[in-house]
There are 4 protein chains.
Amino acid sequence: MDKKTAILEATLELITKNGFHATPMSMVAQHAKVAAGTIYHYFDSKEQLIDELYALHRDKVASVMLQGDDSSKPYKDRFRQVFSNLFAYYTQNTDQFLFIEQYANSPIMNRIPREESASFYQPLIEFVRKGIHTGQLKDISAKLMARLVYGNIVSVVKLHLSGDLPMENALLQTAIATTWDGVRQ
Amino acid sequence: MDKKTAILEATLELITKNGFHATPMSMVAQHAKVAAGTIYHYFDSKEQLIDELYALHRDKVASVMLQGDDSSKPYKDRFRQVFSNLFAYYTQNTDQFLFIEQYANSPIMNRIPREESASFYQPLIEFVRKGIHTGQLKDISAKLMARLVYGNIVSVVKLHLSGDLPMENALLQTAIATTWDGVRQ
Amino acid sequence: MDKKTAILEATLELITKNGFHATPMSMVAQHAKVAAGTIYHYFDSKEQLIDELYALHRDKVASVMLQGDDSSKPYKDRFRQVFSNLFAYYTQNTDQFLFIEQYANSPIMNRIPREESASFYQPLIEFVRKGIHTGQLKDISAKLMARLVYGNIVSVVKLHLSGDLPMENALLQTAIATTWDGVRQ
Amino acid sequence: MDKKTAILEATLELITKNGFHATPMSMVAQHAKVAAGTIYHYFDSKEQLIDELYALHRDKVASVMLQGDDSSKPYKDRFRQVFSNLFAYYTQNTDQFLFIEQYANSPIMNRIPREESASFYQPLIEFVRKGIHTGQLKDISAKLMARLVYGNIVSVVKLHLSGDLPMENALLQTAIATTWDGVRQ
DNA sequence: GATGAATGAGCATTCATTCAT
DNA sequence: TATGAATGAATGCTCATTCAT
């Protein structure tokens, strides 16, 4: 649905820029070039619109993460690729990144059932688990390791976006190496 | 000022629970047991109240971080202590942690001048810089390294608070070791 | 027209239950199983739909009132029958009764020209007039008498519907007798 | 409270003229010469405002009804007075009458607990009960009789207000006599 | 005729802020 | 200092109505 997409895109952009509460539905309507009432054909409420937007981008991230993963390659290369995938996606889709972080760190996150929100990390947990089983990675909790790896990616993206230290490739490789040294066997 | 403190505490608690926009000034007044108008004797506006609250807790974190740091100890022990200090503070002061994260990940963060907000990491940057200079840590960007270390602490606290994997001490030591292995020379 | 009837019936039911303003056209459409736009093929507006519904049931009541009236019977029996007719119709068609009362007691009643609305009582006025002329009823204003009689019927139906004192037959006969004693010569 | 009274009066007037849903809160505010938000200091919601308005006038009616009742007078005179009291009050306070009728005949009436709403008739029931016990009135259900008497008053007021047959005193006496003849022993 | 997506004016309600006391 | 009643602009949402198909 074209209008639904327009609404979702306008919401993403505006919330990223202004925050949840500084983004009135009327402004979303204006930017999406639909009438205010139209939004309510596609979404039950502002709350539900935002939740759906989050679910959409959460799933998108999950699908991007393992793109191009090839189990025949050396695990270290695969690890480097996963890190790069997310870094590239987030830095090229700043709004998505900032929206996800804003959402995940606000109390509205609790509107999402615990299980569903835990599942965000599932693909990454599976991925590190493989590395653990094959002896490439430390034999520690996969849940913990996945969080640490993902957290490092987020840290690097934030540093990049802060403008304080833009990530050229060499620096990114350093960050990946640092992460790898932490988790490798 | 007793009332000012009451207002700040009420604000912290309510924003942590409800979020910025779901926390009306009237509710803050009620919880702080002052009249609505009284808040405006101590703060110019809601915005300024929140900003001041953030500044307060940001500085508190900076002071907690290096508590008990003793430059005569082995650097690795000092590193372990910094990590533990923050972990302990955040898990024992959940509201502060959640408030800082909520604030730092929302667009209102931009209200704070870039420099000031970068300075949050300054003590940690100095700390890792020492490790680099003495050859204990990798010779890479201190800014990057500080972010990675702090990001790992945040990751561990969030995992703990999610209830998905409570951190007993052994697990915490694992997380510290993983971080250390990443940054050490 | 089948759909038109469905719309009228849905409107009656919903307005009786929810009131005029708590009955959106979309809800009427849903219950009548037609599209929202379809209603506007049969009715000009919500206002006109409601007015037509009222006219419909007002006329229905007029036709029910004198059903089975036989001028060869004793007038007192005929009086009793008119009373019973309306009581029976209203208690067996609760929605119609409640809708008429709701409509007649709301300011929208003024949308109907005075004359037309006065004509609701016309058949009853004629009926009591006969009783007056033949000396069965008091020689007082027929308009007044008709209103008193109809008012008594309404009172009895409301008491019945309130559940506070269900009308079995004996009680109904008492009510009729009381009314009769008031108006008879 | 001066403003509260102004709000109640404005609401009464406007609802009587326009109906519940055609009376926006902004219009109430305007007529009461207060800000829109001020209404919500005194009332929780539009619904509660209307309910309170109804309760207020319901109680007022109950207190007016028996005004000047003197148990040493002949019962018939007392009966005539009760009838006259209500007729006079309603015709001199048209808005109150129309509001009560509009409210009582709309589905919102169900917001009021059954018992409370039944109690509206209680004073009148007690009054007719006295007449029954002393043998002045028919020995029939007091509940039924009270409803019939009150219904007659309402009928007379409505006829008067319709403009179709203004009630001068002689006519009013006729109406009272008709009612009395119906209920007297 | 029939549909239902789309419109946008209108509504109830909230809330940051002010100010007379 | 402190109060809390009062303000009124702003917000999320509804709903009668239209119109392209």
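Within every chain, numbering begins at 1; the chains are lettered A, B, ... in the order of the sequence lines, protein sequences first and strands thereafter.
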Would you check if the side chain of [X] reaches a backbone N or O of [Y] as a donor-acceptor pair within less than 3.5 Å?
X	Y	value
D/Asp59	D/Leu56	no
D/Thr38	D/Val34	no
C/Glu13	C/Glu9	no
A/Arg114	B/Ser162	yes
C/Lys46	C/Thr23	yes

Check the distance between [N]'s [atom2] and [X]'s [atom1] and give it to me in whole angstrom.
X	N	atom1	atom2	answer
C/Asn18	F/dT14	CG	P	15 Å
B/Phe20	E/dA16	CZ	P	13 Å
C/Gln30	E/dA2	CD	C1'	17 Å
C/Leu14	F/dA16	CG	P	12 Å
D/Phe43	F/dA6	CZ	P	12 Å
A/Ile39	F/dT11	CD1	C1'	12 Å
A/Lys3	E/dG4	NZ	P	17 Å
C/His21	E/dG10	NE2	C1'	15 Å

| query | E/dT21 pairs with which nucleotide, Watson-Crick or G-U wobble, both distances below 3.5 Å? | reply | F/dA2

| query | Closest approach of C/Gln102 and C/Phe20, non-hydrogen atoms and distance? | reply |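 Taking every non-hydrogen atom into account, NE2-N, 3.3 Å.
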
| If you take all heavy atoms of B/Ala6 and B/Ala32, which pair is closest and at what distance? |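 Of all heavy-atom pairs spanning B/Ala6 and B/Ala32, the closest is O-CB, 3.6 Å.
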
Pull out every protein N or O sitting under 3.5 Å from an N or O of nucleotides 17-21 of chain E, one pair per line with the distance.
unit_1	atom_1	unit_2	atom_2	d
E/dT17	OP2	B/Tyr40	OH	2.9
E/dT17	OP2	B/Lys46	N	3.0

| message | So, OP1 or OP2 of F/dT1: does either fall under 4.0 Å of a side-chain N or O from B/Lys4? | response | no

| Can you check whether D/Lys33 has a side-chain N or O nearer than 4.0 Å to OP1 or OP2 of F/dG8? | no

| With no angle test and no hydrogens, is the base of F/dA6 tied to the side chain of D/His41 by a donor-acceptor pair under 3.5 Å? | yes

| field | Nearest-nucleotide pick for C/Ala35, side chain only, options being E/dG4, F/dT3, E/dT7 | value | E/dG4

